[in-house]
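Below is one structure, written out as structure tokens, with a few remarks after it.
Just so it is clear, the structure is predicted and the values come from calculations on it, not from any experiment. Residue numbers count from 1 along this sequence.
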Amino acid sequence: MAAPEIRHMKWWGWGDEDVSFSDADKPKLWPYLQRELGLPDDIRTPPVSFEEIELPEAKTNEPFTNALKVALGEDQLAADKNTRLVHAAGKAFRDLFRLRRGQVDFAPDLVVFPANEDDVVAIVKAAHEHNAVLIPFGGGSNIAGCLEPQDREGRFIVSLDMCRMCRVLEVNQRALTASIQPGVYGPHMEEQLEEHGVTLGHFPDSFMHSTLGGWVATRSAGMQSDKYGKIEDMVIGLRMVTPSGTLVTRTVPKASNGIDVRHLCIGSEGILGVITEVTVQVHRLPEKKVFEGWIFPDFESGVQAIHDCVRLGCLPVITRLNDPKKTALSAAFKKTQTGFKEKIGNIVKWYLGNIKKIDFEKCCMMITACEGDYDTFHMQRRESAHLFRKRGGVCLGESPGKSFQEAKFDFPHVRDYLMDRGVMGDVSETSVTWDKLLPFYEQTLAAIEKAIEQTGSKPWAGCHISHNYHTGASLYFTFGCLQCEGRELEQYLYIKRAAEDAFMAGGGTLSHHHAVGTEHLPWVEADISKTGVKAVVALKDGLDPRSVMNPGKIIPGAEPLREWGLTEEAIARFNKAD
Ligand code: FAD
């Protein structure tokens, strides 16, 4: 199979340049948003044009670039405006807000495209010898500020785009493992695996535009994690090139060989080295798979139903439970329905309201997927359905499941639609144990809503659960509001901080799967303890003594709020508001 042409995402938003989100077939969406967020009719805040963007002047580091010119081909280096811009940020709200305003304070001075591990070794060696900063780049989809090309010492910055390393190298049918290069994008990787009749089973919402290396480096989770695990459960072995040499782990199902260095690389966000090969466990493609929709009377009954399935070992591969706010939002996304479909929709609504006594203000939608061979599929579907019904769940059949499947990779475009209309929309996610989950949910929602109100805007905040464990689950909060003109970033950071503070106060973690980057630096010490940070620093110093690998991420400095991008005045205003 020929390698696909690499198309980087649009610099100002999500997805390919020629793909955008339209509300033309979703008549309820804009009225819903206007009502919920108190939006004026005519608000439009489009991004500046490419021509209006001025990049910071590229720095030079001749000894480094000369070393690269010897080791690599000319077509592996680029420093044109578009390439530098595309590699200047990820897709965090803060990244996009600044880019759309034409505020590009940092951009890599050079972008390099290694084709194999030898190239990576040469680049890392040159960076170490000539004091250039290297930032590994996968799909650029992270939302934690993991790619910010800023160096406190003002050094030459190189983005290391892994997209040419995109092959599935080997599939072992007996062991069910696959060795894969890290720069492969989700769809291209699954296409290659499908030729061998297997799947990795990792489908984050960003699947279309993110890479295996990025998933491993951010410790990502996909929507089918309840069956296949998160990326850290899938990685059996890997290779990582560091300034101190190449770290290689064996392909074995389990080892008791001291501290697990494989896990030191997973989640390392490019600060230790460049992952050049990953061996993962793969699975035979399922014979049967069905998506369905369920409606629960309220969030608590949906949570209890999931918990019952966890306890009895019959959890579907996907259980995505929306709270009332997210249920209402997904209803607003519904496409126009006419004729027979419209009639059926009305009958279902009447049945739910009048026979099942569902209160549409409180009810919660859950999307499920069951899969497996004939027996596993039927057993999982039958047993989970039984438990769902016991908690008041009503099955809506396959139609909502089909809509979810069609829309699941389109949904990420919505943020651009909102940003075009003066709206801040973002997410913060965490995980918490079952005993704390419901009060934690209430307290966090209240904290986010209060913070938005304090900024003078009407709050919208909702939550969904989509990754479940023996001991607890993840909670994924989505929030939005009309932006305060002139203080948009400060407003955003204020709200984000309220969410993260609530996570810490309630016994959660700073992120379940979105990584630390720069966005979550202020909460690292509270999350992993002072000594935990010391351990990470020691690891960084040991493997990367000159700190050339993606500095400024994961390890907090002395003033994390300032590193987060807040000015003195904003910090003072923050403290006053508290
Ligand atoms: P990048 O963003 O390019 O890089 C992320 C980090 O990994 C950086 O620190 C980079 O230096 C490092 N890195 C990349 N490649 C390598 C390598 N080969 N070696 C060493 N370090 C490397 N995340 C989820 O987990 N689940 C989701 O469902 C999900 N949905 C999302 C939906 C949207 C709309 C958006 C915008 C993001 C979503 N994310 C999700 C976040 C994001 O997609 C993940 O963090 C993803 O893992 C990043 O992969 P990437 O290839 O884009 O990496």
Residues Ser511, Phe503; criterion side-chain contact (heavy atoms from CB on, under 4.5 Å); working and verdict: CA-CA 9 Å; Ser511 168; Phe503 292 170; over 6 Å; no
Would you check if the side chain of Glu117 reaches a backbone N or O of Thr276 as a donor-acceptor pair within less than 3.5 Å? no
Side chain to side chain, Ser20 and His413, heavy atoms closer than 4.5 Å: no
How far apart are the closest heavy atoms of Leu521 and Lys553, and which atoms are they? CD2-C, 4.3 Å
Any side-chain to backbone donor/acceptor pair from Thr83 onto Ala79? Under 3.5 Å, distance only. no
Between Ile143 and Lys91, what is the shortest heavy-atom contact and its length? CG2-O, 3.2 Å
For residues His514 and Tyr476, establish whether the separation of their ring centroids is below 6.0 Å. yes
Indicate yes or no for a side-chain donor-acceptor contact from Asp95 to the backbone of Gly90 under 3.5 Å, with no hydrogens or angles considered. yes
Looking only at the side chains, is there a donor atom on one of Glu269 and Thr218 sitting less than 3.5 Å from an acceptor on the other? no
Determine the minimum heavy-atom distance between Pro114 and Arg164, stating which atoms define it. O-CB, 3.5 Å
CZ of Arg497 to CE of Met504, rounded to nearest 0.5 Å, is 14.0 Å
Between the side chains of Asn172 and Thr177, is a donor N or O closer than 3.5 angstrom to an acceptor N or O? no
Parallel under 30°, tilted from 30 to 60°, perpendicular over 60°: which one fits the rings of His87 and Phe137? tilted
Met223 side chain near Asp205 side chain, heavy-atom distance below 4.5 Å: yes
To the nearest 0.5 Å, tell me how far Phe21 CZ sits from Asp420 CG. 11.0 Å
Output, in order, the C-alpha distance, side-chain angles, deciding distance and verdict of side-chain contact (heavy atoms from CB on, under 4.5 Å) for Val282 and Thr199. CA-CA 6 Å; Val282 290; Thr199 175; over 6 Å; no
Is any side-chain heavy atom of Leu176 closer than 4.5 Å to one of Arg284? yes
Does Glu429 use its side chain to pair, donor to acceptor, with the backbone of His513 at less than 3.5 Å? yes
How far does CD1 of Ile135 sit from CD of Glu148, to the nearest 0.5 angstrom? 8.5 Å
Please check this pair: side chain of Gln224 against backbone of Gly201, looking for a donor-acceptor N/O pair closer than 3.5 Å. no
Electrostatic pair Glu17-Lys10, nearest N-O below 4.0 angstrom: no
For the residue pair Ser220 and His202, confirm or rule out a side-chain donor-acceptor distance under 3.5 Å. yes
Using residues 102-110 as the side-chain source, report each donor-acceptor pair under 3.5 Å to any protein atom, sequence neighbours left out, with the distance given to one decimal.
from, atom 1, to, atom 2, distance (Å)
Asp109, OD1, Lys59, N, 2.9
Asp109, OD2, Lys59, NZ, 3.1
Asp109, OD2, Ile157, N, 2.8

Can you measure from OG1 (Thr433) to OH (Tyr469) and round to the nearest 0.5 angstrom? 13.0 Å
Out of curiosity, Trp12 CH2 to Leu85 CG, how far, rounded to the nearest 0.5 Å? 12.5 Å
Can Ser179 and Thr279 be counted as having a side-chain donor-acceptor contact under 3.5 angstrom? yes
Mind checking whether Tyr228 and His283 have parallel, tilted or perpendicular rings, split at 30° and 60°? perpendicular
Let me confirm one number: the CZ-CG distance from Phe50 to Asn82, rounded to the nearest 0.5 Å. 4.5 Å
Closest heavy-atom pair and its distance - Pro136, Leu147: O-CD2, 3.3 Å
Test Phe156 against Asn131 for side-chain contact (heavy atoms from CB on, under 4.5 Å), laying out the working first. CA-CA 8 Å; Phe156 186 76; Asn131 206 20; over 6 Å; no
pair Leu238-Ile266: side-chain heavy atoms closer than 4.5 Å: yes
Inspect the surroundings of NZ in Lys81 and state if more than 12 heavy atoms from other residues, nucleotides or ligands are less than 6.0 Å away. yes
Nearest non-hydrogen partners of Ala144 and Ala92, listed with the distance: N-CB, 4.2 Å
Close side-chain approach of Thr242 to Val124, heavy-atom, < 4.5 Å: no
Taking Gly145's backbone N and O only, do any of them form a donor-acceptor pair with Thr518's side chain (distance below 3.5 Å, no angle check)? yes
Check this for me: does any side-chain nitrogen of one of Glu232 and Lys230 sit under 4.0 Å from a carboxylate oxygen of the other? no
Backbone N/O of His520 and side chain of Lys496: donor-acceptor pair under 3.5 Å: no
If we only count heavy atoms from C-beta on, is the Phe64 to Arg155 side-chain gap below 4.5 Å? no
Donor-acceptor pair, side chain of Asp161 and main chain of Cys163, under 3.5 angstrom: yes
Is there a donor-acceptor pair closer than 3.5 Å between any side-chain N or O of Lys540 and the backbone N or O of Met549? yes
Do Ile318 and Asp226 have side chains that get closer than 4.5 Å, going by heavy atoms? no
Where do Lys69 and Leu77 land on the side-chain contact (heavy atoms from CB on, under 4.5 Å) test, with the steps shown first? CA-CA 9 Å; Lys69 281 178 189 159; Leu77 312 178; 4.1 Å; yes
Can you confirm whether Tyr185 sits close enough to Cys166 that some side-chain heavy atom of one is under 4.5 Å from a side-chain heavy atom of the other? no
Between Asp527 and Leu510, is there a donor-acceptor pair closer than 3.5 Å when you use the side chain of the first and the backbone of the second? yes
Looking at Met208, I want to see if its CE is surrounded by more than 12 non-hydrogen atoms of other residues, nucleotides or ligands under 6.0 Å. no
Return the minimal non-hydrogen interatomic distance between Ala473 and Ile465, and the atom names on each side. CB-CG2, 4.1 Å
Does a salt bridge link Glu488 with Arg100, judged by any charged N lying under 4.0 Å from a carboxylate O? no
